[in-house]
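Here the structure is a predicted model, which means the values were calculated and not measured. Positions are given from 1, in the same order as the sequence printed here.
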Amino acid sequence: MAVQSVRVVGGQHGYQHLEISFADGTRGFGKVARRGDAFAAEAHGLRWLAAADAVPVPEVLGVDESALVISMVAVGSASSAAAHRFGGDLARMHAAGADGFGAPWPGCIASLPLDNTPGESWPEWYAERRLRPFLKLAALRAEDVQLVEAVIDRIGSLAGPDEPPSRIHGDCWSGNVLWSGGRGWLIDPAAHGGHRETDLAMLALFGAPYLSAILAGYVDVSPLAPGWRARISLHQLHPLLVHACLFGSSYHPAVRSAAQSALAT
C-alpha cells in the first residue's frame, strides 16, 4: 500500500507514534522504535483477538522489528448502549478460549517483557508468571514484599473456582478501549490465555466509562463466578506491580492496598 504522508503525533514507552495517510485515502497508526521487541507480540495479540470475531480490533497492516502499522480507528464517545454492547462482546471474546494459560509468543506490557510460558493451573501461572517476576523489579519496602509473597503463598485459596483459560486482552485498562461506531474497540493488547476476571479488574482499575453498563452487558452473556468482586484486587495486583516497576514508589501504596485486600477475602 503506497504511503502518501507520515506525521509524528506523539510517543510513549520509548516508541514514536505516527499518523500515516495512504494513497487510497485510508489512514493508519504506526509505532516506531530503534528496536521494538513488543511489536511482534502486539501483532500476534491483535490477530488472535480478532480471530474470536467478538470485540473489534484494528487490522495489522505491517510489522517488523522496528515498526508496527495498524488501521486507524475513528474515535468517538462512549455511551451506556455502547458500553453494554462492549461488555457482551468482551464476554464472547473470552469464551473463544485458549489452548492454555499463557501464549505461544513472548509477551510485553508497556516496555517490560511478559513471560507467556504456558501453564495448566491459573493460580500457579499467575503467581509465577505475573506476580513474582515484577515483585523482584518493583523495589518495594520489605513489609510490602512480604504482603505480596503472602498472596503468592495463598494463591490457591484466593483465586476462586477453577475456570478454563479465556482469550483475554491482558492490559484492558480504559485507555486501551476506543469508542467508535457505537462499539468498544481494543488496542495495545498483552493478549494471552488467562482468567477472564483479569480484564474486568483492569477496566475497574483506572475507571472505565459506564463500567456498570459494561458489567451488565458481560453478565447478560456470561455470568461470573460467585465472589468475583472480592477478587478484583487480586487481579489488579499484577498491573499495579507493573506500574511500580515503570513509575516508581508513587504506586507502592496501591500495591500494598491491593495485596491487603486480596488477603482479606
Take L112 and F134, measure what side-chain contact (heavy atoms from CB on, under 4.5 Å) needs, and give me the verdict at the end. CA-CA 9 Å; L112 299 174; F134 295 93; 3.9 Å; yes
Between N116 and W105, does the side-chain contact (heavy atoms from CB on, under 4.5 Å) criterion hold? Intermediate values first, please. CA-CA 7 Å; N116 279 340; W105 56 80; 3.9 Å; yes
Would K31 and E42 count as a salt bridge (charged side-chain N to carboxylate O under 4.0 Å, His left out) if you check the C-alpha gap in whole Å, the side-chain angles of each, and the deciding distance to 0.1 Å? CA-CA 11 Å; K31 296 180 181 180; E42 184 172 343; 2.9 Å; yes
Report the C-alpha separation of D199 and M93 in whole Å, then their side-chain angles, then the decisive distance to 0.1 Å, and conclude whether the side-chain contact (heavy atoms from CB on, under 4.5 Å) test is met. CA-CA 11 Å; D199 277 350; M93 186 185 83; 4.1 Å; yes
Test side-chain contact (heavy atoms from CB on, under 4.5 Å) on L158 and T265; report intermediate values, then the result. CA-CA 7 Å; L158 299 176; T265 59; 3.5 Å; yes
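In this structure, V73 and S180 have side chains that are in contact, with non-hydrogen atoms separated by less than 4.5 Å. Within the 4.5 Å cutoff, no side-chain heavy atoms of N176 are placed close to those of L186. The side-chain heavy atoms of D171 and P189, taken from C-beta on, include no pair separated by under 4.5 Å. Between F86 and Y210 the shortest side-chain heavy-atom distance does not fall below 4.5 Å. Residues L68 and L61 fail the side-chain proximity criterion, which asks for heavy atoms closer than 4.5 Å. In this structure, the side chains of L147 and R256 come closer than 4.5 Å at one or more pairs of heavy atoms. Between P239 and L205 the shortest side-chain heavy-atom distance falls below 4.5 Å. For the pair T26 and S71, the minimum side-chain heavy-atom distance is 4.5 Å or more.
Taken together through direct or relayed side-chain contacts under 4.5 Å among Ile, Leu, Val, Met, Phe, Trp and Tyr, I155 and W228 form parts of separate hydrophobic clusters. Under a hydrophobic clustering in which Ile, Leu, Val, Met, Phe, Trp and Tyr are joined whenever their side-chain heavy atoms come within less than 4.5 Å, directly or via other members, V148 and L240 fall into the same cluster. Criterion: ILVMFWY side-chain heavy atoms under 4.5 Å apart, direct or through other members. Under it, V242 and V145 are part of a common hydrophobic cluster. Linking Ile, Leu, Val, Met, Phe, Trp and Tyr whenever their side-chain heavy atoms come within less than 4.5 Å leaves L49 and L178 in two separate clusters. No continuous path of ILVMFWY side-chain contacts below 4.5 Å connects F39 to I109, so the two sit in separate hydrophobic clusters.
With rounding to the nearest 0.5 angstrom, the CD1 atom of I232 is 14.0 Å from the CG atom of L237. Atoms CG and CG, on L215 and L224 in that order, are 7.5 Å from each other to the nearest 0.5 Å. The line from CG of L234 to CG of L263 is 9.0 Å long, rounded to the nearest 0.5 Å. How far CG of L114 is from SG of C108: 6.5 Å, rounded to the nearest 0.5 Å. How far OG of S212 is from NE2 of H84: 10.0 Å, rounded to the nearest 0.5 Å. The distance from the NE2 atom of H195 to the CZ atom of R130 is 14.5 Å, given to the nearest 0.5 Å.
Note on ring orientation: taking the six-membered ring where Trp is involved, the planes of Y251 and H243 are tilted (angle from 30° to 60°). Using cut-offs of 30° and 60° on the angle between ring planes, the pair Y126 and H235 is tilted.
Panel note: side chain Q236, backbone A201; a donor-acceptor pair is recorded below 3.5 Å. Between the side chain of R85 and the main chain of G217, no donor-acceptor pair closer than 3.5 Å is present.
A donor atom on one side chain and an acceptor atom on the other are found under 3.5 Å apart for H94 and Y218. Counting only N and O atoms by type, the side chains of R196 and S222 include a donor and acceptor under 3.5 Å apart.
Within the 6.0 Å centre-distance limit, the rings of F29 and H17 are counted as a close aromatic pair. Proximity of the aromatic rings of W185 and H169 is defined here by a centroid distance below 6.0 angstrom, and this criterion is not met. For H192 and F101, the gap between ring centers reaches or exceeds 6.0 Å.
A pairwise comparison of heavy atoms in A225 and P161 identifies CB-CG, 4.1 Å as the closest pair. Of all heavy-atom pairs between G102 and W125, the closest is CA-CZ2, 3.5 Å. P133 approaches A127 most closely through the heavy-atom pair CD-O, 4.4 Å. Scanning both residues, S233 and A262, for their nearest heavy atoms gives OG-N, 3.2 Å. Between V151 and A259, the closest heavy-atom pair is CG2-O, 3.8 Å. A244 approaches H252 most closely through the heavy-atom pair CB-CD2, 4.0 Å.
Surrounding CD of E143 are more than 12 heavy atoms belonging to other residues, nucleotides or ligands, all under 6.0 Å away. Enclosure of atom CG in D53 is not indicated, since only 12 or fewer non-hydrogen atoms of other residues, nucleotides or ligands lie within 6.0 angstrom. The local environment of CD in E124 is sparse, with at most 12 non-hydrogen atoms from other residues, nucleotides or ligands closer than 6.0 Å.
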